[in-house]
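Sequence lines set the chain letters: A, B, ... in the order given, protein chains first and strands last, and positions in each chain run from 1.
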There are 2 protein chains.
Amino acid sequence: MNEFEPLVFIVDDDDSVRKALTRLIQSVNMKVECFTSSEAFLSRPRYEGPCCLVLDIRMPGLSGLDLQEKLAKDKLALPIIFITGHGTIPMSVRAIKAGAVDFLEKPFEDQALLDLIKQALERDRQTRQEYAHQREILERFESLTLREREILSYVVMGKLNKQIALQLGISEKTVKVHRAHVMEKMQAKSLADLVRASRILPIPKV
Amino acid sequence: MNEFEPLVFIVDDDDSVRKALTRLIQSVNMKVECFTSSEAFLSRPRYEGPCCLVLDIRMPGLSGLDLQEKLAKDKLALPIIFITGHGTIPMSVRAIKAGAVDFLEKPFEDQALLDLIKQALERDRQTRQEYAHQREILERFESLTLREREILSYVVMGKLNKQIALQLGISEKTVKVHRAHVMEKMQAKSLADLVRASRILPIPKV
DNA sequence: ATCCCTATACGACTAAGGTCCAATAGTATC
DNA sequence: GATACTATTGGACCTTAGTCGTATAGGGAT
């Protein structure tokens with residue numbers, strides 16, 4: 001199922017830090033990829049496996065916090081572990097509020113970072129799994145015609161075929177046909193399935 | 001509907017801080033209640049309206065972070081704004097990770113705290129509303145007999161009455177009776193309603 | 001001992017949902 | 001212009017679900 005191995009990104013402008021972190025992470029047999037700036041990282045194509053980011057705050061160009069903000073726009077934002085030599089409390093508060101895994105001050109214990117990386121990768125795996133599941137449902141939804149989406153929204157509101165037909169000014173038979181198509185395309189084996197799937201769909205729910 | 005007015009709790013061992021904060025908060029016409037220690041606050045009966053907590057970290061006895069941890073056990077934990085004179089980054093990280101609204105260092109702008117209090121109260125209102133809604137559904141669920149709960153779980157799995165009857169070794173008629181009771185007691189006007197309500201119920205869903 | 005709740009069951013009936021087959025018309029795409 | 005998809009409707013038929021009333025039996029409370 002998952003042919004991707006975990007990957008740790010490092011973004012830090014300090015050569016020696018990147019080198020040390022790389023050695024540390026490789027010592028536990030994990031892949032590492034380094035970047036010297038936020039901009040460099042942003043231009044990398046997205047990695048499709050479990051990954052996380054070890055990120056310095058203070059850097060020329062886009063700061064670590066700015067990079068976090070940019071990345072957060074994505075629904076599939078990767079978990080971030082901040083490391084910094086001269087961090088402040090407001091920085092750490094902002095970082096954690098924005099979803100960072102942790103905020104480490106240099107110097108720190110090697111093992112502390114490794115533990116956080118493990119935790120971050122686990123979180124990413126979770127997120128990816130949920131996201132993949134939602135994508136699947138959304139793709140099914142997108143295969144519905146406009147009319148079918150309309151029917152779907154009424155169905156999950158609990159409306160009867162009869163009421164839907166009246167509302168839309170079409171016959172009950174037609175509603176049944178659409179409804180059957182909806183069930184098939186959404187791969188719902190029961191109405192209960194459909195209602196559950198509908199939670200994440202962009203349809204009127206009242 | 002809601003006869004309670006917003007209330008701000010202050011827990012700080014420093015008299016002058018409590019006094020200053022009280023004056024500040026009262027200046028915008030909000031109620032305040034002060035405590036000199038975590039222990040004192042814990043012995044206060046729960047306030048049933050929208051409220052939040054302005055909390056010092058360093059105190060004799062239970063620290064602010066410890067108090068937060070204790071309070072977090074409750075599902076209706078009130079939002080916390082930390083204020084501290086000698087905070088550290090690890091402290092702030094821990095506080096925010098545990099759900100604190102913010103972590104302010106003294107000295108801070110009056111308006112900054114007031115803004116955070118406003119935000120905290122809004123969050124508490126939200127939480128309370130959701131919680132009240134869930135309580136309602138849970139209470140309905142608790143009014144179900146064991147058999148009815150069993151039927152409910154099969155129904156939201158999408159099983160047919162026939163299958164449920166077979167599974168439980170009873171007749172389909174009986175399943176229908178229980179099912180009707182479930183719908184009535186849960187105040188579900190449609191199967192869709194029931195499925196949605198079941199999301200928060202302690203029932204097997206597979 | 002009596003009463004209420006729960007769980008069970010039956011019959012008969014109505015309503016609703018699902019399926020199969022067939023057909024028409026508009027629109028889009030090639 | 002031909003083909004494919006979408007939306008629509010019809011009829012016939014079957015399966016499910018919901019409702020009405022009635023009834024039995026066990027358990028617990030008064």
Side-chain angles (χ1 to χ4, degrees), chain A residues 136-199 201-206, chain B residues 136-199 201-206:
Chain A
E136 218 173 288
I137 291 175
L138 273 172
E139 265 158 32
R140 289 175 199 157
F141 176 72
E142 278 157 13
S143 78
L144 298 183
T145 67
L146 283 179
R147 198 52 147 177
E148 285 163 354
R149 293 176 200 197
E150 210 173 358
I151 301 285
L152 167 59
S153 80
Y154 284 110
V155 168
V156 299
M157 277 186 234
K159 301 282 184 222
L160 302 179
N161 288 348
K162 193 196 289 188
Q163 300 172 312
I164 301 172
L166 192 68
Q167 181 89 27
L168 299 181
I170 59 180
S171 86
E172 194 181 332
K173 315 271 182 177
T174 309
V175 175
K176 286 187 185 183
V177 173
H178 288 314
R179 185 168 177 154
H181 286 158
V182 169
M183 293 295 284
E184 196 192 351
K185 288 188 180 176
M186 294 300 294
Q187 296 179 33
K189 277 179 277 299
S190 65
L191 178 56
D193 278 355
L194 194 67
V195 173
R196 267 187 291 268
S198 73
R199 279 194 50 234
L201 297 179
I203 53 173
K205 288 181 188 71
V206 186
Chain B
E136 217 174 287
I137 291 174
L138 273 171
E139 265 158 31
R140 289 176 199 159
F141 177 72
E142 278 156 14
S143 78
L144 298 182
T145 67
L146 283 179
R147 199 51 148 177
E148 285 163 353
R149 293 176 199 197
E150 210 174 359
I151 301 285
L152 168 59
S153 81
Y154 284 110
V155 168
V156 300
M157 277 186 236
K159 300 283 185 219
L160 301 178
N161 289 346
K162 192 196 286 188
Q163 298 172 313
I164 301 173
L166 191 70
Q167 181 88 27
L168 298 180
I170 60 180
S171 86
E172 193 183 332
K173 317 271 182 176
T174 308
V175 175
K176 286 187 184 184
V177 174
H178 288 313
R179 185 169 177 154
H181 286 158
V182 169
M183 293 296 284
E184 196 190 351
K185 288 188 182 176
M186 294 300 292
Q187 297 179 31
K189 278 179 276 303
S190 66
L191 178 55
D193 279 355
L194 194 68
V195 173
R196 268 186 291 268
S198 74
R199 278 193 51 231
L201 297 178
I203 53 173
K205 288 182 190 70
V206 188

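In the region residues 180-195 of chain B, proximity to DNA chain D at under 4.0 angstrom, judged on heavy atoms, holds for none of the residues. For the segment residues 138-156 of chain B, no residue has any heavy atom less than 4.0 angstrom from an atom of DNA chain D. Contacts between residues 165-174 of chain B and DNA chain C, counted as heavy-atom distances below 4.0 Å, involve B/Ile170, B/Ser171, B/Lys173, B/Thr174.
In this structure, B/Arg196 CZ and A/Arg196 CZ are separated by 11.5 Å, a value rounded to the nearest 0.5 Å. Distance check: B/His181 NE2 to B/Arg147 CZ gives 14.0 Å after rounding to the nearest 0.5 Å.
Smallest separation of non-hydrogen atoms from A/Leu144 and A/Val182: CD2-CA, 4.2 Å. Heavy atoms only, all atoms of each residue included: A/Ala197 and A/Ile137 are closest at O-CG2, 4.0 Å. The minimum heavy-atom distance between B/Ser171 and B/Ala165, with the atom names listed, is C-CB, 3.7 Å.
Counting heavy atoms from C-beta on, the side chains of B/Val175 and B/Tyr154 never come closer than 4.5 Å. A/Arg199 has its side chain within reach of B/Arg199: a pair of non-hydrogen atoms, C-beta onward, lies under 4.5 Å apart. Residues B/Asp193 and B/Met186 have side chains not in contact (no heavy-atom distance under 4.5 Å, counting atoms from C-beta outward). Counting heavy atoms from C-beta on, the side chains of A/Met157 and A/Ser153 come closer than 4.5 Å. Counting heavy atoms from C-beta outward, B/Leu152 and B/Leu201 have side chains that approach closer than 4.5 Å. By the 4.5 Å heavy-atom criterion applied to side chains, A/Leu160 and B/Ser190 are not counted as neighbours. For the pair A/Arg179/A/Leu191, a side-chain contact is recorded, criterion being any heavy-atom separation below 4.5 Å from C-beta on.
Residue B/Lys185 is tested with B/Glu142, B/Glu139, B/Glu148 for a salt bridge (charged side-chain N to carboxylate O under 4.0 Å, His left out); the sole match is B/Glu148. Considering A/Val177, A/Ile164, A/Thr174, A/Asn161 in turn, A/Ile164 is the only one that fulfils the side-chain contact (heavy atoms from CB on, under 4.5 Å) rule with A/Ile151.
An end-to-end axis angle of 50° holds for the helix from C/dA1-D/dT30 to C/dC30-D/dG1, taken from five base pairs per end and rounded to 10°.
With a heavy-atom cut-off of 4.0 Å to chain A, the contacted part of DNA chain D has its first and last nucleotide at D/dT6 to D/dG11. Taking every nucleotide of DNA chain C with any atom under 4.0 Å from a non-hydrogen atom of chain A, the first and last of them, 5' to 3', are C/dA16 to C/dG18.
Side chain of A/Arg140 to backbone of A/Ala188: no donor-acceptor contact under 3.5 angstrom is found.
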